[in-house]
Amino acid sequence: MIIVMQPDAGEAEISAVEARIRSHGLEVHVSRGTERTLIGAIGDERKLDPEMFDPLPGVERSMHILKPYKLVAREWHKASTIVDVAGVKIGANAVQVIAGPCSVETQPQMDAAADGVAAAGARLMRGGAFKPRTSPYAFQGKGVDGLAMLRDAAARHGLPIVTELMDVRMLDAFLEHKVDVIQIGTRNMQNFDLLKEVGRVDVPVILKRGMSATISEWLMAAEYIAAGGNHRIMLCERGIRTFETAYRNVLDVTAVAVLKRETHLPVIVDPSHGTGDYRSVPALARAAAAVGADGLIIEVHPDPARALSDGPQSLTPAKFEALMVSVRQIAEVCGLRM
Ligand code: PEP
Ligand code: MN
């Protein structure tokens with residue numbers, strides 16, 4: 001059962017709800033978000049009824065949630081959640097585009113990428129400073145220096161930044177560099193200790209789908225972040241592993257339609273990792289907009305042939321600009337802003 005507190009509910013009101021849950025022999029989980037507090041009753045829910053909580057002061061409403069994921073379920077939150085990233089609203093009838101290189105390499109590379117993605121109309125900039133590479137001998141990223149390069153390049157165009165966190169020990173560096181969105185990559189979707197830590201901070205999170213994760217496992221991973229009190233979560237479909245070997249991953253557009261029913265969280269799509277080939281990226285970006293994605297995250301490099309990671313799936317700034325024109329047409333037909 002979940003008890004949704006009113007936004008201005010005080011500590012005494014929260015404690016009264018906790019006491020009532022415990023008096024029936026159940027455990028309590030409190031998730032204190034910036035907007036409101038959500039209280040979960042854990043245990044034999046048959047002992048509880050909304051009538052026990054709804055009349056209490058400070059309670060907005062309470063209900064049984066049948067799904068294993070609770071806080072992220074659309075069951076209790078019919079309206080779609082809008083995540084505000086430094087004024088860019090994700091989940092509000094718009095296709096918001098995040099673009100930039102796979103990896104932060106040099107300041108000139110980042111400056112050229114920022115110029116290109118900003119000119120084409122991207123609203124946020126991406127760039128990996130810490131890279132999860134399959135081979136330990138491959139480029140591992142610029143680390144903290146990379147955070148500064150991304151921040152400097154993006155700031156010249158007023159773009160908020162998105163970058164991947166792999167290790168909880170780097171969280172303070174992310175906060176110091178004022179990272180606007182923390183990306184949790186596909187390889188860490190079920191790194192539960194990492195999820196718990198990002199659940200404690202007040203920074204929006206993009207949770208990428210594990211490459212072999214079911215939608216239910218993915219939503220349970222999001223539940224870890226929400227349970228910690230961070231409710232500013234966006235899900236990112238980035239392609240899954242199947243029997244097909246003709247391309248890197250299979251972009252699961254069906255997942256977007258299913259997630260829109262199952263969760264109130266915004267859903268974005270990464271057609272770059274989702275296909276692995278720059279030639280397929282524009283078509284899949286259009287498919288994502290058409291199926292209802294709230295945003296796209298796209299790899300753009302000023303010189304893909306020389307990229308230190310994911311060059312084959314990276315667009316040049318010129319190709320990215322053409323993609324934006326064609327996705328805008330789809331957005332318009334669907335009544336979405338871009
Ligand atoms: C990335 O965004 O560059 C990345 C490594 O993504 P994923 O975790 O989806 O592979
Ligand atoms: Mn990449």
Side-chain angles (χ1 to χ4, degrees), residues 97-105 109-110 113 117 122 124-136 138-143 146-147 149-150 154 161-167 170 174 179-191 194-195 198 204-213 215 217-218 221-222 225 233-242 247-253 255-256 259 267-278 280-281 284-285 288 293 295-316 320:
V97 180
I98 305 163
C102 177
S103 294
V104 177
E105 299 168 5
Q109 170 242 11
M110 291 307 289
V117 303
L124 300 98
M125 187 174 186
R126 65 153 287 152
F130 297 88
K131 296 303 301 177
R133 304 305 302 281
T134 302
S135 166
F139 175 62
Q140 301 287 309
K142 287 283 182 184
L147 294 180
M149 289 184 215
L150 170 60
I161 57 170
V162 178
T163 194
E164 177 168 354
L165 177 71
M166 295 202 298
D167 185 330
M170 295 319 297
F174 274 51
V179 168
D180 298 286
V181 180
I182 297 172
Q183 174 178 324
I184 300 296
T186 191
R187 293 160 189 82
N188 276 311
M189 188 204 83
Q190 285 187 315
N191 181 340
L194 187 59
L195 300 178
V198 299
V205 177
I206 287 178
L207 179 64
K208 293 188 116 185
R209 181 184 192 173
M211 59 184 88
S212 300
I215 287 177
E217 287 165 340
W218 188 9
I225 302 171
I233 308 164
M234 294 160 269
L235 300 165
C236 177
E237 162 59 37
R238 51 78 69 202
I240 52 172
R241 285 259 165 100
T242 71
Y247 33 90
R248 185 176 182 184
N249 291 300
V250 175
L251 187 75
D252 183 9
V253 286
V256 180
L259 287 170
V267 183
I268 69 172
V269 168
D270 174 349
S272 305
H273 294 86
T275 60
D277 185 330
Y278 78 92
S280 305
V281 171
L284 275 300
L296 298 168
I297 180 164
I298 296 177
E299 289 186 338
V300 178
H301 193 288
D303 187 358
R306 288 203 172 77
L308 296 181
S309 63
D310 286 348
Q313 67 193 32
S314 298
L315 297 171
T316 60
F320 175 63

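Start at 1 and go down the list; that is how both ligands and their atoms are numbered.
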> Which atoms of ligand 1 are found less than 4.0 Å from any heavy atom of G185?
Replying inline: 8 (O)
>> Report the atom name of the nearest N/O/S atom of E299 relative to the Mn ion (ligand 2).
In response: OE2
> Between the side chain of R126 and the main-chain N/O of C102, is any donor-acceptor distance below 3.5 Å?
Replying inline: yes
> Can you list the ligand 1 atoms lying under 4.0 Å from a non-hydrogen atom of R187?
Replying inline: 8 (O), 10 (O)
>> For the 3.5 Å polar cut-off, considering only N or O atoms, please tell me whether K208 and ligand 1 meet it.
In response: yes
>> Under 4.0 Å, counting heavy atoms only: does C102 come that close to any atom of ligand 1?
In response: yes
> Can you find a heavy atom in the side chain of K131 that is under 4.5 Å from one in the side chain of L308?
Replying inline: no
>> Taking H273's backbone N and O only, do any of them form a donor-acceptor pair with D270's side chain (distance below 3.5 Å, no angle check)?
In response: yes
>> Return the closest protein heavy atom for atom 4 (C) of ligand 1 as residue, atom name and distance.
In response: H273 NE2, 3.4 Å
> Do you know the tightest heavy-atom contact between L207 and M189?
Replying inline: CD1-CG, 4.0 Å
> Which residue and non-hydrogen atom of the protein lie closest to atom 8 (O) of ligand 1, and at what distance in Å?
Replying inline: T186 N, 2.8 Å
> Any donor and acceptor pair, going by atom type alone, linking the side chain of Q140 with main-chain N or O of K142 inside 3.5 Å?
Replying inline: no
> Looking at the Mn ion (ligand 2), which N/O/S atom of H273 is the nearest one?
Replying inline: NE2
> Is ligand 1 less than 4.0 angstrom away from at least one heavy atom of M211?
Replying inline: no
>> Please give the atom name: the N, O or S atom of D310 nearest to the Mn ion (ligand 2).
In response: OD2
> If you measure from atom 10 (O) of ligand 1 to every heavy atom of R238, Q313, R209, which option wins on shortest distance?
Replying inline: R238
> So, is D310 polar-close to ligand 1, with some N/O to N/O distance under 3.5 Å?
Replying inline: no
> When you measure from the side chain of T163 to the backbone N and O of G127, does any donor-acceptor pair fall under 3.5 Å?
Replying inline: yes
>> Ignoring hydrogens, what is the shortest heavy-atom contact between F174 and E164? Give both atom names and the distance.
In response: CZ-O, 3.1 Å
> Sub-3.5 Å donor-acceptor pair from the side chain of T186 to the main-chain atoms of R209, do we have one?
Replying inline: yes
> What is the nearest protein non-hydrogen atom to atom 5 (C) of ligand 1, stated with its residue, atom name and distance?
Replying inline: E164 OE1, 3.7 Å
> Closest approach of V117 and A99, non-hydrogen atoms and distance?
Replying inline: CG1-CB, 3.6 Å
